[in-house]
Protein chains: 2
Amino acid sequence: MTEEPARATHVSLAAVFQVRAGGLQTLLWRRAEAPYEGDWALPGGYLAAYETLEASIRRHLTHKVDVGEVAHLEQLTTISEPGRHPAEWQLATAYLGLVASDVDPAVPSDTGWHPVESLPPLAFDHREIVLAARERLRAKLSYTNIGFALAPPEFTLSELRDLYVAALGHEVTATNLQRVLVRRGVLEPTGTRRESGPVGGRPPALFQFKRPELEVTDQFAVLRPPEASS
Amino acid sequence: MTEEPARATHVSLAAVFQVRAGGLQTLLWRRAEAPYEGDWALPGGYLAAYETLEASIRRHLTHKVDVGEVAHLEQLTTISEPGRHPAEWQLATAYLGLVASDVDPAVPSDTGWHPVESLPPLAFDHREIVLAARERLRAKLSYTNIGFALAPPEFTLSELRDLYVAALGHEVTATNLQRVLVRRGVLEPTGTRRESGPVGGRPPALFQFKRPELEVTDQFAVLRPPEASS
DNA sequence: CGAGGTTTACGCTTATAAGACGAAAACCCG
DNA sequence: CGGGTTTTCGTCTTATAAGCGTAAACCTCG
């Protein structure tokens, strides 16, 4: 029995976040065709033959933003509700993308940044995807070094705190942020300090993330194994 | 421009775990056809037209195990490497399934349980999927109440500890396990105690999980917001 | 019926991590 | 040089987890 299996179309989508104007914003483009003509949508598009999902989302992102500016990209989930597209049977694999706050990539005229706090009407199930992506980001800020993808190469603790505040949506004290990140070994001072600005005040020390690859802090593994004694 | 997008085949797969004989084991079946004829493989199969991925994996699991015994099922990731199937362009969405330790579901003759510690040669990329699923399980044991899906409705602390030991692969002290889980409010004593067995010893108290739905402990959100003062 | 063995339960102590707070440091401006 | 501002650092308090020892509750066997 060699029946032909059913084949759905498949798209890759990405919720690309950047902290702008003190808030978390996501990249959207305005659809010019039905369905959902005129609504805003996530960047993405059809998977090409023999193409990897990650290659696909990178290819489609290229049309909306310089993909070199996307500091982090990870798969979230695959959505398969048959009614998610009104006209065809289409699966969607959602990605989370992050852009550092010190760049302002050029985007086409149909594309722009929108605060996640006040999203316009979105096409398909894209609103749910954006909110799920934000939850993933918030969770990972706690137990990984994913903050490196939101921050410039060098930054002061106040600037980093502002990024965390924007992404997490609640206050963060710079003191504790420093201790937590330094203890985990993901943050280190560069040794230099910024020339003080026009407002005065003590010139802040500059910090950087030690490694620009995603790392999970295993410190949150409660019931962890007993220390291997030397 | 209304080009036809490319369409891959799509399968759902599940790494179904159960603690058996003191170790974590996964459900495998032996392939009778090429490719990978004779190798062991994860349960799963083609996605049917207009079928949800979760419905698909449940349908395929039915052929290998009583799906009613699967206490937890969650999506892991979607794999799209074009070379993962030697003959066709096939995507795969992997699931993690858990079966409580007090049941022994009937399985077909081509299907059996295998210790994750010593897997036989597996077809396709199924070995990686099993190991990734185990990592997900281990992580979630620390910050969710997912243990309910591995444990019987009622259990002693020693039994629960044995389940955690088997799943985590390292020692766990019953004292700390109890304190951690009770503090999080996921575990509660039933009030009854088990009649003592033939070995003697103090009869243990019986416990149960409060809620059989997956819950995430937000306690691991470091840098959490300041307490809302009343 | 009591001693010894076994398993569970519980409380005390120690270690570590996080949050709160205030003082000191380092700069600007007038 | 004094006042204002921002950063930095240390300390105190609280919360959580781990280690450990002892008590409790049951069995069996002599």
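Every chain is numbered from 1 and lettered A, B, ... according to where its sequence line falls, protein lines coming before strand lines.
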Working note: A:L27 + A:W113, criterion side-chain contact (heavy atoms from CB on, under 4.5 Å); need CA distance, chi angles, decisive distance, verdict. CA-CA 5 Å; A:L27 197 66; A:W113 295 93; 3.6 Å; yes

Interatomic spacing from CZ in B:F207 to OG1 in B:T156 - rounded to 0.5 Å: 9.0 Å

Would you mind writing out the side-chain donor-acceptor pairs for residues 116-128 of chain A within the sub-3.5 Å range, not counting sequence neighbours?
from, atom 1, to, atom 2, distance (Å)
A:E117, OE2, A:R134, NH1, 3.2
A:D125, OD1, A:R84, NH2, 2.9
A:D125, OD2, A:R84, NE, 2.8
A:H126, ND1, A:L42, N, 2.9

If I take atom CZ in residue B:R183 and atom P in nucleotide C:dG11, what distance separates them, rounded to the nearest angstrom? 14 Å

Pairwise distance CG(B:D104) to CD(B:E69) - rounded to 0.5 angstrom: 9.5 Å

Take B:E159 and B:R194 through the test salt bridge (Lys or Arg N to Asp or Glu O under 4.0 Å) and record every step on the way to the result. CA-CA 12 Å; B:E159 292 164 355; B:R194 174 164 299 168; 2.3 Å; yes

Between B:R194 and C:dT7, is there a contact of a side-chain N or O with OP1 or OP2 at under 4.0 Å? no

Over how many whole Å does the gap from B:L181 atom CG to D:dA17 atom C1' extend? 13 Å

Measure the distance from CG on B:N176 to C1' on D:dG19 and round it to the nearest whole Å. 8 Å

Rounding to an integer number of Å, can you tell me how far B:L177 CG sits from C:dT8 C1'? 14 Å

Between CG of A:D102 and CD of A:E154, what distance do you get to the nearest 0.5 Å? 11.0 Å

Do A:K210 and A:F148 have side chains that approach each other closer than 4.5 Å (heavy atoms only, starting at C-beta)? no

Taking the side chain as everything from C-beta on, heavy atoms only, tell me whether A:Y95 gets closer than 4.5 Å to A:L13. no

Round to the nearest Å and state the distance from A:L168 atom CG to C:dG19 atom C1'. 16 Å

Please give, in whole Å, the distance from C:dG19 P to A:E171 CD? 13 Å

Tell me, what's DNA chain D's dot-bracket, Watson-Crick or G-U with both distances under 3.5 Å, | for other-strand, [ ] crossing? ||||||||||||||||||||||||||||||

List the protein contact pattern of nucleotides 6-14 of chain D with one symbol per nucleotide (5' to 3'): B for base contact, S for sugar-phosphate-only contact, - for none; contact means a heavy-atom distance under 4.0 Å. BBSBB----

